[in-house]
Amino acid sequence: MKKTLADINFKDKKVLVRADFNVPLVDDVISDDNRIISAIPTIQYLLDHDAKVILLSHLGRIKRSEDLKKYSLKPVAKRLAELLGTEVNFVDEISRVTLQTAINSLENKQVLLMENTRFADLENKRESNNDAILGKYWASLGDVFVNDAFGTAHREHASNVGIATNINESCIGLLVEKELAMLNKAIINPERPVVVILGGAKVSDKIGVIDHLLKVADKIIIGGAMSFTFLKAQEFNIGKSLIEEDKIELAKQYLQKAIGKIILPIDHLMSKEFVDQSGINSTDANIADDYIGMDIGAKTITLFNNYIKEAKTIIWNGPVGVFEMKNFNKGTLAICETIAHLNNVFSIVGGGDSAAAAIQSGFKDKFSYISTGGGASLELLEGKPLPAIEVIQDK
Ligand code: ADP
Ligand code: MG
């Protein structure tokens, strides 16, 4: 078991907290502050326990110097201060004297947020490549490290693994603790039947999870763009639908290994172009030559719902259609609605777009848990160790 907040005395300590403030920003305006809200309990706990809180997070990807302006954490500091109801001292540095001076003058119950850790990526991707000197330097700024950034727990960066390997004391934060508990509840001795719903566009990212989930799940329902690689493997026509040719063989293997376990669409809503216009329902699982599969069809909605209604545990990752387009959101919203009306079911959602769909459906609160981490939750479901959690001290 990893150390948690309860295992450490934080009084008078400089506590480095890796949070996940990687929020969507449009012209310095935060369009979704869910990740900031999710980080509050840990920060509040530390303030209540007389710590000096030093926050670190990445934001976006930094490749060129132009990105520095676009991805400053300054707007996050402002929103965080509002949510905490306390001042947040923002330091627009990730190293140097200004930062050190600001940290050294922190008093108990004060919060400091330093600039985007990925600003270090401008120089040989030092943050993202877990540069040994950088991790050691950041670790030297504090006494204790708390990792509460679940969204990057599958990555080995200087601001998580680097700090944790170079500091005396470390633990996971409340968000990470909750994420681990919820995701593990779905895969370790879950209530059966376990129904997994997979969709979305990133077949190569998600296909690995099937292998492991085949051991856990009673049914794996596949929709969205992902389904076309599987349908093609069964020699259906898929028209101009999205496909990953190099994954067809793997899809075939899974289908053979899991006879009856993998459920694929039996009809689709199709469109001639990838635009938001009314679609045509196919007659069967085939897609006509010059059409694109955009959403699951009416018969498939019923088919999928019948399996979902039987479930006691549901793991959902990836929309089953192009839900951003009004004409093609029906399948995804129907699934949200079905899950929302179930009693006594444990349902978890992972993935940014699936979470957005759950919120859009208006049934957000009906899900047992919506994970803040897409990639990290998938890797955990795949049975892979998360490096930024592994490195935290055991109790
Ligand atoms: P998540 O963020 O939940 O992990 P992904 O990022 O893998 O999900 O996939 C979400 C994207 O998949 C959405 O932008 C959606 O439009 C797209 N998508 C779903 N179905 C299709 C489809 N049939 N064709 C093309 N794109 C699709
Ligand atoms: Mg996504």
Side-chain angles (χ1 to χ4, degrees), residues 20 22-24 31-32 34-35 60-61 150-152 154 183 196-210 213 221-232 236-244 247 264-277 279-282 285-288 291-297 300-301 304 314-336 339 347-361 364 367 369-382:
D20 179 3
N22 187 28
V23 291
S31 55
D32 175 5
N34 187 43
R35 283 188 160 154
R61 286 214 171 95
F150 184 72
T152 45
H154 58 315
L183 290 163
V196 177
I197 308 154
L198 286 179
K202 296 177 264 176
V203 180
S204 37
D205 276 13
K206 295 189 181 178
I207 202 158
V209 79
I210 296 177
L213 286 179
I221 292 174
I222 301 179
M226 214 180 167
S227 64
F228 299 110
T229 302
F230 283 83
L231 288 170
K232 180 89 184 183
F236 284 102
N237 295 328
I238 57 146
K240 293 194 293 180
S241 309
L242 213 63
I243 181 154
E244 286 186 33
K247 292 289 179 291
L264 295 172
I266 49 173
D267 66 343
H268 315 271
L269 260 194
M270 319 178 291
S271 170
K272 270 201 169 160
E273 277 144 86
F274 196 77
V275 288
D276 196 0
Q277 60 190 17
I280 300 170
N281 210 113
S282 68
N286 290 295
I287 303 247
Y291 281 86
I292 307 167
M294 302 287 281
D295 194 6
I296 53 174
T300 305
I301 292 182
F304 285 6
I314 296 172
I315 301 169
W316 177 35
N317 188 300
V320 294
V322 186
F323 79 102
E324 301 93 332
M325 299 187 188
K326 274 206 168 53
N327 284 287
F328 303 108
N329 66 7
K330 279 187 211 69
T332 303
L333 295 186
I335 286 177
C336 287
I339 298 174
S347 56
I348 54 166
V349 183
D353 291 290
S354 318
I359 293 164
Q360 219 182 80
S361 73
K364 180 183 159 220
F367 291 90
Y369 192 63
I370 299 182
S371 174
T372 57
S377 68
L378 272 175
E379 296 209 2
L380 193 120
L381 295 174
E382 271 179 62

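As the structure lists them, so they are numbered: ligands from 1, and atoms in each ligand from 1.
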Hey, is Met325 one of the residues with a heavy atom under 4.0 angstrom from ligand 1?
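False for this residue.
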Would you call Gly352 a ligand 1 contact, heavy-atom distance under 4.0 Å?
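Per 4.0 Å heavy-atom rule, Gly352 contacts ligand 1.
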Worksheet item: Is there side-chain contact between Tyr291 and Ser282, with at least one heavy-atom pair below 4.5 Å?
Response: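 No; the side chains remain at least 4.5 Å from each other.
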With heavy-atom distances below 4.5 Å as the criterion, would you say the side chains of Thr300 and Val320 are in contact?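 Sidechains of Val320 and Thr300: no contact.
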Looking only at protein heavy atoms, which one is nearest to [atom], and how far off is it?
| atom | value |
| --- | --- |
| atom 7 (O) of ligand 1 | Lys206 NZ, 2.9 Å |
| atom 17 (C) of ligand 1 | Ala201 CB, 4.0 Å |
| atom 3 (O) of ligand 1 | Ser354 OG, 2.5 Å |
| atom 21 (C) of ligand 1 | Ala225 N, 3.4 Å |
| atom 16 (O) of ligand 1 | Glu324 OE1, 2.6 Å |
| atom 18 (N) of ligand 1 | Gly321 O, 3.9 Å |
| atom 27 (C) of ligand 1 | Val322 CG2, 3.7 Å |
| atom 10 (C) of ligand 1 | Asp353 OD2, 3.5 Å |

| said: If you compare all heavy atoms of Ile296 against all heavy atoms of Gly223, which two are closest, and at what distance to 0.1 Å? | reply: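 Taking Ile296 first and Gly223 second, the nearest heavy atoms are CG2-CA, 4.5 Å.
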Indicate, with yes or no, if the rings of Phe228 and His268 have centres closer together than 6.0 Å.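 Phe228 vs His268: aromatic centres under 6.0 Å.
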Got a donor-acceptor contact below 3.5 angstrom from the [X] side chain to the [Y] backbone?
| X | Y | result |
| --- | --- | --- |
| Asn327 | Gly279 | no |
| Arg35 | Val23 | no |
| Ser241 | Gly293 | yes |
| Asp276 | Lys326 | yes |
| Ser361 | Ala358 | yes |

> Can you name the N, O or S atom of Asp353 that is closest to the Mg ion (ligand 2)?
Replying inline: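 In Asp353, the heteroatom (N, O or S) nearest the Mg ion (ligand 2) is OD2.
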Between Phe228, Phe274, Phe328, flag the one that comes closest to atom 25 (C) of ligand 1 by a heavy atom.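 Going through Phe228, Phe274, Phe328 one by one, Phe274 has the nearest heavy atom to atom 25 (C) of ligand 1.
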Region of Asn317 engaging ligand 1 - heavy atom pairs below 4.0 Å:
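The answer is the side chain.
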Those atoms of ligand 1 less than 4.0 Å from some heavy atom in Gly224
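Listed by number with element: 20 (N), 23 (N).
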| task | Return yes or no for this condition: an N or O of Gly293 is under 3.5 Å from an N or O of ligand 1. | result |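 Checking ligand 1 against Gly293, an N or O pair does fall under 3.5 Å apart.
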